[in-house]
Amino acid sequence: MSTTLTWYGHAALGLETGGYKILIDPFLNGNPSATVSADKVAADFILVTHGHGDHLGDTVAIAKRTGATVISNAEIAGWLGKQGVKAHGQHLGGGHTHPFGYLKLTFAIHGSGLPDGSYGGNPAGFLLTTNDGQKIYIAGDTGLFGDMKLIGEEGVDLAVIPIGDNYTMGPDDALRAVKLLTPKHVIPIHFGTWDLIAQDPNAWAARVQKETGAQVHVLKPGESFQL
Ligand code: NI
Ligand code: MN
């Protein structure tokens with residue numbers, strides 16, 4: 001078995017592992033770099049890092065169409081449940097064994113308000129241990145924090161981190177994040193969607209490869225990486 005990660009633009013990701021299709025932060029309608037449409041994309045599970053519109057995105061519509069279970073923090077899971085969406089609530093530091101692997105919610109420094117103004121709890125990242133034992137860290141929207149070192153101690157195979165600046169870590173702090181996480185592979189996201197978060201991912205990749213042992217994979221929206 002293997003795991004394939006596809007970047008759909010901005011923070012939207014598709015993860016295929018052990019035959020399961022998992023969407024992460026499926027903001028597709030209104031996402032200028034989206035490469036799939038919300039009314040066609042497949043999903044068995046949807047993971048939502050926090051309540052902001054550019055992450056929650058089309059979660060409700062996709063979950064209703066596909067019957068996918070949405071996994072998020074307890075506040076967002078409760079909000080989704082009220083809209084008739086199947087949801088599984090977890091919280092920071094807590095892990096659960098799902099059919100596709102063991103998923104833990106991790107700390108993130110950010111906000112999490114929902115689009116209708118409801119309280120969205122605390123923002124999160126995800127640390128997934130696949131059924132093959134591969135560890136994938138999806139940071140979510142976050143600033144740099146020192147406890148990334150603790151996540152790194154778990155042995156991260158692939159880290160997916162924001163580099164766009166303004167709303168999240170920019171290139172300098174994202175490089176420091178790689179030093180704390182010590183992953184084998186890194187994929188930068190949350191950049192280039194709008195001018196405000198424009199970055200040169202190849203320049204960043206060159207710095208990371210020079211200063212760390214990580215291999216950086218710069219994807220274009222729609223491209224995949226096989227772990
Ligand atoms: Ni956000
Ligand atoms: Mn965001």
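One-based numbering, in listed order, for ligands and for the atoms of each.
- You'll find the side chain of Tyr167 stays beyond 4.5 Å of the side chain of Pro162, heavy atoms only.
- Around the Ni ion (ligand 1), the protein atoms of type N, O or S found under 2.8 Å away are His50 NE2, His52 ND1, His110 NE2, Asp141 OD2, listed by chain and number.
- Atoms CG and CD1, on Leu13 and Ile136 in that order, are 10.0 Å from each other to the nearest 0.5 Å.
- Each of Thr193, Asp25, Asn31 was compared with His10 under the side-chain hydrogen bond (donor to acceptor under 3.5 Å, both in side chains) criterion, and only Thr193 meets it.
- Protein contacts to the Mn ion (ligand 2) involving N, O or S atoms at a distance below 2.8 Å are Asp54 OD2, His55 NE2, Asp141 OD2, His190 NE2.
- With a 4.5 Å cut-off on side-chain heavy atoms, Phe225 and Val160 do not count as touching.
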Exercise for review: Starting from the C-alpha separation in whole Å, work towards a yes-or-no answer on salt bridge (charged side-chain N to carboxylate O under 4.0 Å, His left out) for Asp44 and Lys21.
Suggested key: CA-CA 5 Å; Asp44 300 309; Lys21 292 185 195 313; over 6 Å; no

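- Side chains of His55 and Asp141: a donor on one and an acceptor on the other come within 3.5 Å.
- Residue pairs satisfying the ring pair (Phe, Tyr, Trp, His ring centres under 6.0 Å) criterion with at least one member in residues 111-150, sequence neighbours excluded, are listed as follows: Phe107-Phe145.
- Ile46 shares a hydrophobic cluster with Tyr8, Leu23, Leu28, Val36, Val41, Val48, Leu56, Val60, Ile62, Val70, Ile76, Trp79, Leu80, Val85, Leu114; the chain of contacts runs through ILVMFWY side chains whose heavy atoms sit under 4.5 Å apart.
- Side chain to side chain, Thr130 and Asp132 fail the donor-acceptor criterion of an N or O pair below 3.5 Å.
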